[in-house]
Amino acid sequence: MKWITLSACVGALFLFSGCLFESYRPVMEYDLPAGEAVTTSGDLSVMEFRNDSTAGVRLQFREASGQVVRDPYHFWALPPGQLVSLALNRALTPEGAGGVRYLTGTLDVFEVDAVKNVFQFAGSWGELDRERFRFDFSVPVKDRSAEETARAAGVALRQLAERIGEWSRTTPETPGK
């Protein structure tokens, strides 16, 4: 009798194990592509951006209800504030002589708006202890895939790099900084 009960329990376990256990899915990490170099007037050093957004290392999507859905299998290689500063430092290439100008910033939004189907990238940046400039970029995404999110984030970062490059070429260095 015990053998029949034990066999039935083991059989039920195997029968329902497909419902209880999910197959293996690899965890993927994404970096922000720097793209082609953006020339700057003098050397710019971008310090880590402060992350005031709800974004963490997991890719996230905001639903119409305001609910934030974080992908358990797709991550950014670094937290958003570090990721943005690293990618900007790779993208911004000095041209000409000049002292180092230190930039910093804040991230307010770093996510996919699932209603509008856009990657939103917003915040502020500026020279350390100087005027701050707002930025707000929305890049369309074709779907909610991690690859598409990373591509759109890279396009948005490129737009910010170009804006910073333009600023560096039109704004003279501040003496003593």
Side-chain angles (χ1 to χ4, degrees), residues 22-41 44-95 101 103-127 130-171:
E22 187 175 328
S23 62
Y24 173 75
R25 287 179 57 186
V27 174
M28 305 295 289
E29 288 189 358
Y30 297 86
D31 195 0
L32 285 177
E36 292 182 30
V38 174
T39 58
T40 62
S41 175
L44 300 180
S45 179
V46 182
M47 299 168 68
E48 182 178 343
F49 274 42
R50 187 177 72 224
N51 185 14
D52 286 348
S53 74
T54 59
V57 292
R58 294 188 338 183
L59 276 64
Q60 73 179 38
F61 307 88
R62 185 171 301 274
E63 303 290 347
S65 65
Q67 178 185 13
V68 174
V69 178
R70 293 188 175 95
D71 188 327
Y73 300 104
H74 298 96
F75 293 80
W76 294 113
L78 294 167
Q82 293 175 12
L83 192 68
V84 168
S85 63
L86 177 65
L88 286 171
N89 280 320
R90 287 191 313 238
L92 300 170
T93 304
E95 185 175 89
R101 296 165 83 174
L103 305 179
T104 187
T106 302
L107 294 178
D108 296 332
V109 182
F110 191 78
E111 65 193 13
V112 171
D113 182 327
V115 176
K116 297 177 185 173
N117 288 325
V118 295
F119 181 82
Q120 292 190 302
F121 179 49
S124 63
W125 66 275
E127 208 169 351
R130 300 283 181 210
E131 181 182 9
R132 304 288 279 201
F133 304 97
R134 299 275 318 145
F135 66 90
D136 189 351
F137 302 110
S138 295
V139 178
V141 292
K142 297 174 191 160
D143 55 42
R144 288 177 59 161
S145 70
E147 293 80 10
E148 183 63 13
T149 299
R151 182 205 60 81
V155 170
L157 178 98
R158 175 71 182 185
Q159 292 172 340
L160 179 57
E162 289 172 354
R163 185 174 291 177
I164 291 171
E166 177 67 24
W167 167 84
S168 77
R169 293 185 297 273
T170 59
T171 305

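In this text, all values refer to a predicted model and were calculated from it rather than measured experimentally. Computation of the quantities below employed the complete heavy-atom set of this structure, encompassing side-chain atoms and omitting hydrogens, waters and symmetry-equivalent molecules.
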Margin query: side chain to side chain contact (heavy atoms under 4.5 Å, CB included) for Phe135 and Asp108? Distances and angles first, verdict last.
Written below: CA-CA 10 Å; Phe135 66 90; Asp108 296 332; over 6 Å; no
Item checked: Worked check of side chain to side chain contact (heavy atoms under 4.5 Å, CB included) between Arg158 and Val38 -> CA-CA 9 Å; Arg158 175 71 182 185; Val38 174; 3.4 Å; yes
Notebook entry, point to check: Checking side chain to side chain contact (heavy atoms under 4.5 Å, CB included) for the pair Val139/Phe121: CA distance, chi angles, key distance, verdict?
Noted result: CA-CA 8 Å; Val139 178; Phe121 179 49; over 6 Å; no
Next item on the list: Show your reasoning for whether side chain to side chain contact (heavy atoms under 4.5 Å, CB included) applies to Glu131 and Thr171.
Entry: CA-CA 12 Å; Glu131 181 182 9; Thr171 305; over 6 Å; no
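Taking all atoms of both residues into account, the shortest heavy-atom contact from Asp113 to Lys116 is OD1-N, 3.1 Å. Taking all atoms of both residues into account, the shortest heavy-atom contact from Gly56 to Trp76 is O-CD1, 3.7 Å. When every heavy atom of Val141 is checked against every heavy atom of Ala152, the shortest pair comes out as CG1-CB, 3.6 Å. Between Phe49 and Trp125 the shortest heavy-atom distance is CZ-CB, 4.1 Å. Scanning both residues, Val109 and Glu111, for their nearest heavy atoms gives CG1-CG, 3.9 Å. Looking at every heavy atom in both residues, Ala77 comes nearest to Glu29 through CA-OE1, 4.0 Å.
Rounded to the nearest 0.5 angstrom, Leu103 CG and Leu44 CG are separated by 5.0 Å. Taking OG of Ser168 as the reference point, atom CD of Glu127 lies at 10.5 Å (rounded to 0.5 Å). Atom CG of Leu92 and atom CD of Glu162 lie 10.5 Å apart (nearest 0.5 Å). Rounding to the nearest 0.5 Å gives a distance of 11.5 Å between CD1 of Ile164 and CZ of Arg169. Atom CZ in Arg101 sits 7.0 Å away from atom OG in Ser41 (nearest 0.5 Å). Rounding to the nearest 0.5 angstrom, the gap separating the CZ atom in Arg70 from the CZ atom in Arg62 is 8.5 Å.
For the pair Glu147 and Tyr30, the minimum side-chain heavy-atom distance is below 4.5 Å. A 4.5 Å side-chain heavy-atom check between Phe119 and Val155 finds every atom pair outside the cut-off.
Relative to the six-membered ring of Phe133, Arg163 misses at least one condition, a distance below 6.0 Å or an angle of at most 45° to the axis.
Salt bridge absent: Arg144 and Glu148 never bring a charged side-chain N and a carboxylate O closer than 4.0 Å. A salt bridge does not link Asp136 to Arg134: none of the charged nitrogens lies less than 4.0 Å from a carboxylate oxygen.
For the residue pair Thr106 / Arg132, a side-chain donor-acceptor distance below 3.5 Å is found, with atom types taken as modelled.
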